[in-house]
Structures are given as C-alpha cells and as structure tokens.
*Asks:* 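Before I ask anything, here is the structure I am working with.
Letters A, B, ... are given to chains in the order of the sequence lines, protein chains preceding strands, and every chain is numbered from 1.
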Amino acid sequence: MKILVCISNVPDTTSKINFTDGDTKFDTNGVQFVINPNDEFGLTRAMWFKEKQGATVHIATVGEASVEPTMRKALAIGADEGIRVNALPTDGFFVAQQLAEVVKNGNYDLIIAGRESIDYNGGMVPGMLATLLDMNFVNTCIDLQIEGTNATAVREIDGGKETIATSLPLVIGGQKGLVEESDLRIPNMRGIMMARKKQLNVVEPVETNHGTTDVKFDKPAPKGAVKLVDTVDELVDLLHNEAKVL
Amino acid sequence: MSVLVYTESENGKFKKTAFEVASYAYEVAKQMGTTVTAVAINSDNPESLGTYGVAKVLHISDDSLSPFNAKAYAHAIEQAAQQEGAHIVVVGSSADSKFLAPIVAAKLSAGYAPNVVAAPENTNPLTVKRMAFSNKGFAHTQLNTDHKVIGVSKNAFGTVENKVDTAVEAFTPSLNDADFTTKSVEVDKVVGKATIADADIVVSGGRGLKGPENWGMLEELADVLGAATACSKPVSDMGWRSHSEHVGQTGKPVATNLYIAIGISGAIQHLAGVSASKTKVVINTDPEAPFFKAADYGIVGDAFEVVPQLTEKLKEFKAQNA
Ligand SMILES: Cc1cc2nc3c(=O)[nH]c(=O)nc-3n(C[C@H](O)[C@H](O)[C@H](O)COP(=O)(O)OP(=O)(O)OC[C@H]3O[C@@H](n4cnc5c(N)ncnc54)[C@H](O)[C@@H]3O)c2cc1C
Ligand SMILES: Nc1ncnc2c1ncn2[C@@H]1O[C@H](COP(=O)(O)O)[C@@H](O)[C@H]1O
C-alpha cells in the first residue's frame with residue numbers, strides 16, 4: 001500500500017494573529033510553524049500502517065521553501081520521502097489541483113489529509129482532491145482500517161458517529177481520534193538524523209486557476225469587559241433580561 | 001440563474017440550519033436580482049421553506065439517499081445547479097454540509113468560501129466575509145470562478161423570515177452505482193438529546209471538575225436548559241468524557257447562543273473553538289483564569305457550589321416562565 005499524507009504548514013496553535021501590508025497578508029513575524037494538528041494525527045496513523053502493514057509513506061506539501069523544516073519534521077517522525085510543490089498555497093482549489101497531480105504521478109492507494117487546516121479553516125482540500133481524482137472520500141475520519149483494498153472508516157457526525165464501508169483508492173479528511181493523543185510522536189535524534197538524508201523532491205506547480213482570493217483580513221472587535229456577579233440570581237436575571245438567551 | 005441552496009433535513013424534518021441557509025440564500029438572491037431554489041432531500045414539508053424566501057423547491061424523494069451519502073448528494077446538487085443554471089450554491093456548516101461542499105465545488109469547478117458570517121459585501125466580484133484562523137480573524141474572500149459555493153457559518157447570519165410563494169417540483173437526479181461506493185453501515189447517534197452542533201445552549205466542563213464522577217451536576221444543568229454537554233480537551237484525553245464532546249480548535253467548533261464554561265481555564269486553543277458563541281458565561285474559582293477575559297458574564301466561585309444553585313434557580317425560573 002502506498003500512502004500519501006498531505007501536510008499543511010500552519011502557525012502553532014498558540015500564535016497571535018496579525019496582518020501586514022494594509023491588512024492584505026498574514027504576518028508571519030515571530031510565528032512558529034508546525035504540522036497542522038489534523039495532519040499529525042493522520043501522519044501517525046500512516047506510521048501505524050507502515051509498521052503493521054508494510055505501507056510506504058510519502059508526504060506532500062504545497063508551499064515555498066520555508067515549509068521544508070515542517071516537512072523534515074514529518075520525515076523525522078517516519079515518513080519515507082517528501083514532495084514539495086513549489087508554490088504559495090493561497091487557495092484550497094489551487095492546492096487540491098496541485099496535489100492531484102502529485103497523486104497521479106505517484107500512484108497512491110490512500111491519501112491521508114486533515115479535516116481542515118487550522119489557519120484558513122478551509123476544510124476543502126481533501127474533498128476536492130478526491131473528486132478531482134475520482135477516488136472515494138470520507139471526511140472527519142476518526143478511525144480507519146484497511147484490509148486488502150477494503151476500507152472501513154468511522155466518521156464523526158453531528159451528535160455521534162457513522163461507520164462507512166468503502167474501498168481504495170481512498171482520500172480521508174482526518175482528525176483527532178484517528179490515533180490517540182498519546183500515540184503522537186516527537187521526533188527523536190535518530191529520526192532527525194535520518195530525515196536529513198531522506199529525499200525531499202521539489203516539483204514545480206502545474207498551471208491552474210485559483211478559486212478564491214483573500215483580498216483583506218481583519219480581527220474581531222475587542223471584547224467588552226466581563227460582568228462579574230456574586231449570585232446565581234443575578235446571573236439568571238442578566239441572561240434573561242440583558243443577553244436574552246433564556 | 002437562481003441561487004441554489006441545499007436545505008438539510010433529518011428524518012423528514014428540516015434542521016434549523018436549513019432555514020438559516022435559506023435566509024442567507026434569499027439575501028444573496030436579492031442582491032443579485034434573482035430568486036432562490038432549494039434542493040430538499042426526503043423532506044416531509046418542502047413548502048415550509050417559503051417562509052424563508054425559497055421560491056422553488058426541487059424535491060427529491062429517494063430511499064437510496066437515506067442515510068446521508070456525501071457523494072450522491074453532491075452529484076444531485078450538481079445536477080440541480082446545472083438544470084437551474086445556478087452559479088451560486090449555498091450550503092451550511094454541519095458535518096454533512098462540510099462533507100459535501102468541496103465535492104460539489106470540485107464538480108462545478110467552483111471556488112468555495114466556507115465559514116461565511118455575513119451577507120456578501122460585493123456581488124461583482126462576489127466577496128464574502130468568513131471566519132478564519134480559528135475565530136482569531138476574518139478573511140474577505142473574493143470568488144473568482146464562474147460557479148461559486150458558499151458555506152454559511154452556523155448562527156452568524158441568523159434566520160430571517162421573507163415569505164414568498166413556493167412551487168414544489170419533484171426532481172429526480174440521475175444517480176448510478178458510482179455514486180454509492182461509500183456505504184453507511186452503522187450510525188451511532190444520541191437520540192432525544194441536544195447535540196453540540198444543533199443546541200442553542202452548550203454546558204461545558206473542564207479539568208476543574210476533578211473527575212468523571214462529578215459530571216452529574218453538569219448534566220442536570222444541561223437538562224434544565226435543554227443544552228448539549230461538552231468538555232475541554234484534557235477531559236476527553238483522560239477519558240472522563242467521550243471524544244465527541246471535546247470542543248475547541250482541535251475538537252468540535254461551538255457557535256451557540258449561550259456557552260457556559262465550568263472549571264475551564266480558557267486556553268487559547270479552547271477559546272479559538274468556542275468564541276463564535278454569542279454569550280459566554282464562566283464559572284471558575286480562579287479570578288485570574290484567562291477565560292474571564294473572553295467572557296460576557298462570570299462567577300468567581302466553586303463549581304461544586306455554584307452549579308447546583310444555578311440548576312435550582314433555573315428550575316424556578318422555568319416554572320415561573322412556563
Ligand atoms: C495543539 C494543541 C491543541 C489543543 N486543542 C485544544 C482544544 O481543541 N480544546 C481544548 O479545550 N484544549 C485544547 N488544547 C489544550 C489547552 O492548551 C489546555 O490545556 C486545555 O484547554 C485546558 O483544559 P482545562 O481548562 O479543562 O484545564 P485547566 O487548564 O487545568 O483548567 C482548569 C480550570 O478549572 C478551575 N477550577 C479548579 N477547581 C475548580 C472548581 N472547584 N470550580 C471551578 N473552577 C475550578 C481552575 O481555576 C482552572 O482555571 C490544545 C493544546 C494543544 C497543544
Ligand atoms: N498547502 C498544502 N499542502 C499540502 N496539503 C495541504 C495544504 N493545504 C491543505 N492541505 C491538506 O488539506 C487538509 C485540509 O486543509 P484545508 O482545506 O486547507 O483546510 C489539510 O489538513 C492538509 O492535509
């Protein structure tokens with residue numbers, strides 16, 4: 001089984017968000033970038049398939065050279081090889097089309113992506129990718145088992161979960177649940193050393209269109225001060241008469 | 001050239017989100033000088049969409065479409081868009097809508113703007129404001145493609161009544177085996193209880209509650225309020241509560257009218273996922289807990305005292321206002 005894990009390079013969850021250039025660009029100043037948490041769960045599940053079922057695991061990122069440290073980290077966790085599509089990932093549809101090209105050239109059976117990138121919260125790349133490639137697709141995937149070409153996936157639904165039977169080739173939008181929190185791996189020294197020698201191929205993007213353009217950014221208005229109350233009577237009164245939520 | 005909207009239902013009944021997305025679609029159609037056509041699948045009362053501005057309903061009755069199947073639904077919506085010559089497709093932000101939206105977008109070669117929180121700012125080019133950076137920012141996004149898909153954030157635009165006459169038309173999309181290559185084999189869903197996705201109120205507990213055995217008082221509070229229960233990440237990681245209750249940046253997003261956080265410190269990742277809620281109440285022993293800065297109302301106090309008192313008070317309140 002050949003697996004491709006799509007890794008999105010995102011600001012660390014604790015990052016403060018700022019914009020520059022007249023609020024037209026995300027300000028990367030002082031921001032630490034990491035593997036998108038949803039992709040980290042997926043990558044860890046891929047490691048399981050590698051170790052238990054002999055799968056080969058490649059990673060792909062659409063991004064400029066600055067994403068390579070994040071890719072090296074994924075290689076240090078255990079992926080075998082990386083492909084970087086050398087382009088700024090400004091739109092999900094564009095990214096999906098680039099990744100579709102990578103998948104076509106690499107003959108992958110299983111594509112593990114995340115339910116969403118925590119930066120732009122698109123939640124669109126895996127579904128678009130599956131559709132462009134005419135592969136099966138399961139979103140918000142919290143468990144995945146593969147036997148031969150049969151796949152059993154569990155997806156989170158509103159208020160519960162659903163078990164889905166499908167087959168390879170398959171794309172999933174993964175998230176927490178795919179593996180336990182405690183299964184996540186911090187790259188060790190040996191992994192980091194080995195990752196340096198692993199192949200990280202750079203390919204140029206194919207020509208495609210952009211579905212969307214973010215023309216401007218802004219931040220939510222600052223919040224007013226909290227009203228502290230001493231009794232539940234006051235609280236219920238405020239919720240009823242002021243906030244009007246009861 | 002109408003605006004197409006996918007209106008979700010469950011067991012034949014429209015979900016609340018259906019009326020919100022229909023209201024949104026009406027606003028878009030008004031700006032564009034056109035009307036709204038809805039796609040409704042296995043719904044008992046498609047004509048009720050007229051209240052929210054839907055002039056025409058393409059009504060699909062097909063047992064093979066229950067339960068939900070993203071690929072087949074997306075294919076049906078694509079065909080509806082083609083038939084109507086609709087260039088704009090509006091969907092919601094439920095798990096199902098977020099599953100099918102990118103499929104619809106790719107089928108129509110459409111740009112897709114998810115998590116949209118307000119009416120379009122401009123129709124040419126179509127530009128929408130959407131939540132990004134896990135509620136820490138907004139992007140103003142222009143859709144460049146001929147076809148466009150808009151995903152409306154929950155509880156942001158609201159439900160607006162715009163009564164129009166509605167024509168309900170049967171619609172039979174042509175679906176084939178290739179649309180059903182992912183099969184639902186089991187749905188495991190809580191019944192008769194509010195879910196985080198649909199509830200107007202969410203009651204959420206953190207590590208401050210000390211252990212799973214103390215969740216009874218939270219559930220009682222939730223019961224009185226008709227609320228869903230949720231928890232912080234460590235609570236689900238430690239197995240006190242199920243993973244499906246974990247809310248925040250890496251868990252479920254919450255965008256309710258009222259979010260009550262009990263014994264939750266308000267870490268940045270937690271706030272990122274819940275701050276779209278309209279009114280936030282915090283109950284915490286520590287006046288310095290960061291959540292107070294993000295809250296509307298707060299009580300500095302011990303949950304073990306405050307929560308049972310609040311439940312009692314709300315029971316009284318309900319009895320008086322019944
Ligand atoms: C990559 C990443 C992603 C993350 N994603 C999420 C996420 O999606 N969601 C999430 O929740 N967290 C997330 N976290 C974890 C987050 O950083 C915090 O660790 C977590 O939110 C803290 O949970 P808590 O508030 O329940 O616990 P604590 O921080 O331990 O807070 C407990 C609170 O309870 C109060 N308390 C104690 N006793 C009482 C009492 N008797 N009555 C009232 N109050 C009391 C304390 O004063 C304290 O404020 C993430 C972390 C990382 C690194
Ligand atoms: N630039 C990118 N390179 C590789 N994979 C990506 C990229 N952007 C998004 N993805 C994948 O698609 C998932 C969903 O991302 P998004 O649609 O951007 O929210 C991510 O979790 C990744 O798996």
Side-chain angles (χ1 to χ4, degrees), chain A residues 13-14 17 19 37 91-93 96 118-124 126-128 130-132 136-140 142 156-167 176-177 181 209-220 223 226-229 232-233 235-236 238-240 243 245-246, chain B residues 71 94-95 98-99 102-103 105-107 110-115 127 131-134 136-145 181-190 195 197-198 237 243-244 249-251 257-258 268-269 279 292-300 306 309-310 313-314 317:
Chain A
T13 54
T14 58
I17 302 298
F19 305 106
D91 162 57
F93 196 32
I118 62 162
D119 50 0
Y120 293 90
N121 307 115
M124 63 179 96
M128 287 178 167
T131 308
L132 291 171
N136 290 318
F137 172 48
V138 176
N139 203 21
T140 54
I142 52 172
E156 194 161 84
I157 57 176
D158 294 334
K161 55 190 180 181
E162 179 183 32
T163 307
I164 288 176
T166 187
S167 58
K176 183 182 154 195
E181 193 73 18
N209 59 334
H210 283 70
T212 61
T213 314
D214 292 328
V215 287
K216 208 171 162 59
F217 298 100
D218 50 36
K219 291 204 269 189
K223 203 156 172 55
V226 59
K227 275 193 188 166
L228 291 180
V229 298
V232 296
D233 294 32
L235 180 62
V236 170
L238 285 167
L239 291 177
H240 179 54
V245 287
L246 292 182
Chain B
K71 199 174 176 188
S94 66
K98 287 205 161 182
F99 192 175
I103 307 178
K107 281 179 183 287
Y112 166 40
N115 309 318
T127 311
M131 184 277 290
F133 301 99
S134 307
K136 289 188 257 182
F138 296 104
H140 300 262
T141 302
Q142 190 175 301
L143 292 112
N144 309 321
T145 41
T181 51
T182 55
K183 288 191 184 57
S184 175
V185 289
E186 194 187 341
V187 175
D188 177 2
K189 200 170 163 165
V190 289
T195 68
D198 300 329
D237 287 345
H243 281 307
S244 62
Q249 190 167 28
T250 52
N257 285 338
L258 174 59
I268 189 162
Q269 301 95 347
T279 300
F292 282 117
K293 288 203 177 64
D296 300 281
Y297 304 105
I299 295 186
V300 177
V306 177
Q309 284 172 9
L310 182 57
K313 178 71 201 170
L314 284 165
F317 173 84

*Asks:* Rounded to the nearest 0.5 Å, what separation is found between the CE atom of B:Met131 and the CZ atom of B:Phe138?
*Replies:* 8.5 Å
*Asks:* Report the option among B:Ala110, B:Ala95, B:Ser94, B:Gly111 that has the most heavy-atom pairs separated by less than 4.5 Å from atoms of chain A.
*Replies:* B:Ala95
*Asks:* Which bit of B:Ala295 comes within less than 4.5 Å of chain A, counting heavy atoms only: side chain, backbone, both or neither?
*Replies:* both
*Asks:* Determine the option with the most heavy-atom pairs under 4.5 angstrom with chain B, choosing from A:Leu132, A:Asp233, A:Ile157.
*Replies:* A:Asp233
*Asks:* Shorter than 4.5 Å, heavy atoms on both sides: which option in B:Val300, B:Ile268, B:Thr181 has the most such pairs with chain A?
*Replies:* B:Thr181
*Asks:* Under the ring pair (Phe, Tyr, Trp, His ring centres under 6.0 Å) rule, collect the residues that match up with B:Phe133, sequence neighbours excluded.
*Replies:* A:Phe19, A:Phe26, A:Tyr120
*Asks:* Distance-only, no hydrogens or angles: does the B:Ser134 side chain make a donor-acceptor pair with backbone N or O of A:Ile118 under 3.5 Å?
*Replies:* yes
*Asks:* Quick one: pull up OG1 in B:Thr127 and NZ in A:Lys216 and give me the separation to the nearest 0.5 Å.
*Replies:* 12.5 Å
*Asks:* Do B:His140 and A:Asp218 have side-chain heavy atoms sitting under 4.5 Å apart?
*Replies:* yes
*Asks:* Roughly how far, to the nearest 0.5 Å, is NZ of B:Lys98 from CG of A:Asn139?
*Replies:* 9.5 Å
*Asks:* Look at A:Gly177, A:Gly92, A:Pro37, A:Gly122 and state which one has the largest set of heavy-atom pairs under 4.5 Å with chain B.
*Replies:* A:Gly122
*Asks:* Heavy-atom pairs under 4.5 Å with chain A are the metric here; pick the option from B:Thr195, B:Thr145, B:Leu143, B:Asp188 that has the most.
*Replies:* B:Asp188
*Asks:* Tell me, side chain or backbone of A:Leu239 under 4.5 Å from chain B's heavy atoms, or both, or neither?
*Replies:* side chain
*Asks:* Search all heavy atoms of A:Met124 against all heavy atoms of B:Tyr112 and return the closest pair with its distance.
*Replies:* CE-O, 3.2 Å
*Asks:* If you count heavy-atom pairs under 4.5 Å between each of A:Asp91, A:Val138, A:Thr213, A:Val245 and chain B, which one has the most?
*Replies:* A:Thr213
*Asks:* Would you check if the side chain of B:Asp237 reaches a backbone N or O of A:Glu181 as a donor-acceptor pair within less than 3.5 Å?
*Replies:* no
*Asks:* Between A:Val236, A:Leu238, A:Val232, which has the largest tally of heavy atom pairs under 4.5 Å with chain B?
*Replies:* A:Val232
*Asks:* When heavy-atom pairs shorter than 4.5 Å are enumerated against chain A, which of B:Ser244, B:Ala113, B:Gly137 gives the highest number?
*Replies:* B:Gly137
*Asks:* Determine whether B:Lys71 and A:Phe137 satisfy the following criterion, side chain to side chain contact (heavy atoms under 4.5 Å, CB included), listing intermediate values before the conclusion.
*Replies:* CA-CA 8 Å; B:Lys71 199 174 176 188; A:Phe137 172 48; over 6 Å; no
*Asks:* I'd like to know which of A:Thr14, A:Thr166, A:Thr140, A:Asp158 tops the heavy-atom pair count under 4.5 Å against chain B.
*Replies:* A:Asp158
*Asks:* So B:Tyr297 and A:Val229, do their side chains get closer than 4.5 Å, heavy atoms only?
*Replies:* no
*Asks:* Quick one: NZ on B:Lys189 to NZ on A:Lys161, what's the gap to the nearest 0.5 Å?
*Replies:* 14.5 Å
*Asks:* Of the backbone (N, CA, C, O) and the side chain (C-beta and beyond), which part of B:Asn115 lies under 4.5 Å from a heavy atom of chain A, both, or neither?
*Replies:* side chain
*Asks:* Of the backbone (N, CA, C, O) and the side chain (C-beta and beyond), which part of B:Phe292 lies under 4.5 Å from a heavy atom of chain A, both, or neither?
*Replies:* both
*Asks:* Measuring heavy-atom distances to chain A, does B:Thr182 have an atom under 4.5 Å in its side chain, in its backbone, in both, or in neither?
*Replies:* both
*Asks:* Please identify, among B:Gln309, B:Gln249, B:Gln269, the residue contributing the most non-hydrogen atom pairs under 4.5 Å to chain A.
*Replies:* B:Gln249
*Asks:* So for A:Leu228, is it side chain, backbone, both, or neither that comes closer than 4.5 Å to the heavy atoms of chain B?
*Replies:* both
*Asks:* Please determine, among A:Val226, A:Val215, A:Ile164, the option with the most heavy-atom pairs under 4.5 Å with chain B.
*Replies:* A:Val226
